[in-house]
Amino acid sequence: MNDDLSPLLEFLDRCGPEVCGHGLNGLEAEQVAMIERFIAGRCDDVERRELSEFLQLHPAWIRWIADRVKLAREMSEQGSAGGAPNEQMQA
């Protein structure tokens with residue numbers, strides 16, 4: 001068996017931020033704000049189109065955003081089931 005890990009290390013070096021993207025690091029402030037508005041459900045049509053174009057260029061963010069939207073919905077559902085009637089969830 002070949003124990004040379006250099007092809008794997010080269011692959012990981014090429015994938016950089018996509019492999020270790022555990023947050024909104026590496027994005028411009030405008031992109032971060034747009035993603036946060038989208039997760040909170042406050043994007044207009046223009047911002048949704050911009051986000052769609054961004055995700056076509058950077059598909060690695062799709063899973064991250066989907067996980068955050070799912071988490072926000074779950075927290076909202078839990079809050080509405082037993083929380084105060086006017087309580088709002090912060091994404």
Side-chain angles (χ1 to χ4, degrees):
M1 184 166 126
N2 187 358
D3 290 332
D4 186 16
L5 296 177
S6 59
L8 177 61
L9 294 174
E10 289 173 18
F11 171 77
L12 293 175
D13 285 340
R14 284 195 316 263
C15 293
E18 294 179 20
V19 171
C20 59
H22 295 291
L24 295 174
N25 298 335
L27 296 179
E28 296 177 15
E30 180 180 312
Q31 293 169 322
V32 171
M34 182 173 49
I35 290 171
E36 289 174 347
R37 282 191 301 276
F38 176 78
I39 291 170
R42 296 179 301 197
C43 273
D44 59 18
D45 289 340
V46 173
E47 287 182 319
R48 278 192 286 274
R49 262 192 305 279
E50 287 179 29
L51 184 59
S52 175
E53 292 170 5
F54 170 78
L55 293 174
Q56 288 176 4
L57 295 173
H58 308 283
W61 288 101
I62 294 171
R63 170 57 45 199
W64 189 90
I65 292 172
D67 289 343
R68 295 318 171 275
V69 169
K70 182 179 176 183
L71 179 63
R73 286 184 181 168
E74 290 172 355
M75 291 176 65
S76 178
E77 289 171 0
Q78 290 175 357
S80 65
N86 294 328
E87 189 174 336
Q88 293 184 357
M89 193 275 310
Q90 298 292 322

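Residues: numbered from 1 along the sequence shown.
No side-chain heavy atom of Asp67 sits less than 4.5 Å from a side-chain heavy atom of Lys70. Within the 4.5 Å cutoff, no side-chain heavy atoms of Leu57 are placed close to those of Glu53.
Residues Met34 and Cys43 come closest through the heavy atom pair O-SG, 3.6 Å. Between Arg42 and Glu36, the closest heavy-atom pair is NH2-O, 4.4 Å.
Atom CD1 of Ile35 sits about 11.0 Å away from atom CD of Glu47, to the nearest 0.5 Å. With rounding to the nearest 0.5 Å, the separation of CG in Leu71 from CZ in Arg73 is 12.0 Å. Taken to the nearest 0.5 Å, the CH2 atom of Trp64 stands 11.5 Å off from the CG atom of Leu55.
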Requested in this report: Evaluate the side chain to side chain contact (heavy atoms under 4.5 Å, CB included) criterion for residues Glu50 and Phe54: first the C-alpha distance (whole Å), next the side-chain angles of each, then the deciding distance (0.1 Å), finally the verdict.
Outcome: CA-CA 6 Å; Glu50 287 179 29; Phe54 170 78; over 6 Å; no
